[in-house]
Amino acid sequence: MRANLVKSRLASGEPVINAWLSIGSSYSAEGVGHSGVHSVTVDMQHGMLGFQDALHMLQAISATPAIPLVRVPSLDPARIMHLLDAGAYGIICPMISTPEQAAELVAACRYPPTGNRSFGPSRGLLYGGKDYVAQANETVLAIPMIETAEAVQRIDDILAVDGVDMLYLGPNDLAFEMEGRVTLPRPNSEQAIATVLERATGQGMPVGIFCADAAEARRRIDQGCALVTPGNDFAHLTRSLSGAVGELLGPADEDVSKSDTAHGY
């Protein structure tokens, strides 16, 4: 089966740089996959795209060195299985707050006897190889998002769920719940992030996080995060073009890079 570069880098302690796509375009997905990132996540929760878009984007990413991941809209086993069949090599699932929810995510990502993923590998077989079914359980990543106060409170129970491959922090939703806003400073949610990192790394569990930009991603790596997402495609596109316009005409009234949405999911 085709190796999962994300999994091997995490196992060796090497940082993973993950791209994030919210625009439904196979052309941009292919370009981003060739940018040097280790993985590309197709965002089906907040991205402006549906299953057909995601399928074409996964196909495009497959032509690049990057590993294709998907953030699903919710904990929906049928949808998770469908996207794995479409060729996703990992599932990031939002709003996982309990060990029971984490176990349900893992089960949807694993064939029996360790899970309840239905047989029908479709594109997974084309992308992964002829031994996909035999090797998928050890290759596909099950990644719960930690973005609620309850998840932080129950982090040890979530970490105890067999089959969780890594955690992914959602800093904006943590800030919404713990600060009542997404603007900086965020003392309560930052303490929650530090707590999750301490508990997870103490048990050898890698942690990923969404970041506003490369500078924040660098800080998060220094903080102990194993995977970082330095902004999404829309943020990079608008920030780059705004910078170009600023060089030609002078700075705009509002700096897109400093807006609330730049601080990630």
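Counting from 1, the numbers follow the sequence of the chain as shown. Because the structure is a prediction, the values reported are computed rather than measured.
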Nearest non-hydrogen partners of [X] and [Y], listed with the distance:
X: Glu179; Y: Asn188; result: OE2-N, 2.9 Å
X: Gly170; Y: Glu147; result: O-CB, 3.6 Å
X: Arg79; Y: Pro73; result: CD-CD, 3.4 Å
X: Ala200; Y: Val207; result: CB-CG2, 3.5 Å
X: Met44; Y: Ala54; result: SD-CB, 3.8 Å
X: Ala3; Y: Ile67; result: O-CD1, 3.8 Å

Testing the 3.5 Å rule here: is there a donor-acceptor pair between the side chains of [X] and [Y]?
X: Arg181; Y: Asn172; result: no
X: Ser39; Y: Asn18; result: yes
X: Ser12; Y: Glu14; result: yes
X: Thr139; Y: Arg2; result: no

First locate atom [atom1] of [X], then atom [atom2] of [Y], and finally report the distance between them rounded to the nearest 0.5 Å.
X: His38; Y: Leu69; atom1: NE2; atom2: CG; answer: 12.5 Å
X: Asp213; Y: Thr229; atom1: CG; atom2: OG1; answer: 12.5 Å
X: Cys211; Y: Arg219; atom1: SG; atom2: CZ; answer: 8.5 Å
X: His34; Y: Thr64; atom1: NE2; atom2: OG1; answer: 5.5 Å
X: Ile91; Y: Ile80; atom1: CD1; atom2: CD1; answer: 6.0 Å
X: Gln223; Y: Ile209; atom1: CD; atom2: CD1; answer: 6.5 Å

Indicate yes or no for a side-chain donor-acceptor contact from [X] to the backbone of [Y] under 3.5 Å, with no hydrogens or angles considered.
X: Glu30; Y: Ser26; value: no
X: Gln101; Y: Ser97; value: yes
X: Ser35; Y: Val32; value: yes
X: Lys7; Y: Glu138; value: yes
X: Thr114; Y: Pro112; value: no

Arg123 atom CZ, neighbour heavy-atom count above 12 within 6.0 Å: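 Enclosed.
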Are more than 12 heavy atoms, taken from residues, nucleotides or ligands other than Asp162, located less than 6.0 Å from that residue's CG atom?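 Incorrect, the count does not exceed 12.
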Side chain to side chain contact (heavy atoms under 4.5 Å, CB included) with Pro144: which of Asp165, Val164, Thr98, Val161?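 Among Asp165, Val164, Thr98, Val161, the one meeting side chain to side chain contact (heavy atoms under 4.5 Å, CB included) with Pro144 is Val164.
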In this structure, which one of Asp76, Val70, Leu105 forms a side chain to side chain contact (heavy atoms under 4.5 Å, CB included) with Cys93?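 Exactly one option meets the side chain to side chain contact (heavy atoms under 4.5 Å, CB included) with Cys93, and it is Leu105.
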Under the side-chain contact (heavy atoms from CB on, under 4.5 Å) rule, what do Arg239 and Ser242 come out as? Steps first, then yes or no, please. CA-CA 5 Å; Arg239 190 158 50 214; Ser242 294; 5.8 Å; no
Steps toward side-chain contact (heavy atoms from CB on, under 4.5 Å) verdict (Arg71, Gln45): CA-CA 6 Å; Arg71 177 169 69 170; Gln45 184 188 18; 3.0 Å; yes
Full working for side-chain contact (heavy atoms from CB on, under 4.5 Å) between Leu167 and Ile143: CA-CA 5 Å; Leu167 305 179; Ile143 308 170; 6.0 Å; no
Do [X] and [Y] make a side-chain contact, defined as non-hydrogen atoms from C-beta onward lying under 4.5 Å apart?
X: Val42; Y: Asp53; answer: no
X: Asp43; Y: Leu21; answer: no
X: Met95; Y: Thr148; answer: yes
X: Met57; Y: Val40; answer: no
X: His46; Y: Ser22; answer: no
X: Phe210; Y: Asn232; answer: yes
X: Glu104; Y: Ile96; answer: no
X: Arg9; Y: Pro15; answer: yes

Check the hydrophobic clustering (I, L, V, M, F, W, Y; side-chain heavy atoms under 4.5 Å; chains of links allowed) and say if [X] and [Y] are grouped together.
X: Leu58; Y: Ile23; answer: no
X: Leu159; Y: Ile193; answer: yes
X: Val133; Y: Met81; answer: no
X: Leu5; Y: Leu141; answer: yes
X: Ile221; Y: Trp20; answer: yes

Output field: ring centroids Tyr127/Tyr89 closer than 6.0 Å: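 Yes; Tyr89 has its ring centre under 6.0 Å from that of Tyr127.
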Does Asp233 form a side-chain contact (heavy atoms from CB on, under 4.5 Å) with Leu237? I'd like the steps, not just the answer. CA-CA 6 Å; Asp233 52 352; Leu237 176 66; over 6 Å; no
Residues Arg220, Glu190; criterion salt bridge (charged side-chain N to carboxylate O under 4.0 Å, His left out); working and verdict: CA-CA 11 Å; Arg220 293 302 190 183; Glu190 282 299 319; 2.7 Å; yes
Check this for me, if you would: do Arg154 and Asp157 make a salt bridge, where the nitrogen-to-carboxylate-oxygen distance has to be below 4.0 angstrom?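 Result for this pair is yes, salt bridge flagged.
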Hey, are Arg199 and Asp156 close enough for a salt bridge, meaning a charged N less than 4.0 Å from a carboxylate O?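 Salt bridge flag = yes for Asp156 with Arg199.
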According to the interplanar angle, ranging from 0 to 90°, do the rings of Phe119 and Tyr111 count as parallel (below 30°), tilted (30 to 60°) or perpendicular (above 60°)?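 Tilted, since the angle between the ring planes falls between 30° and 60°.
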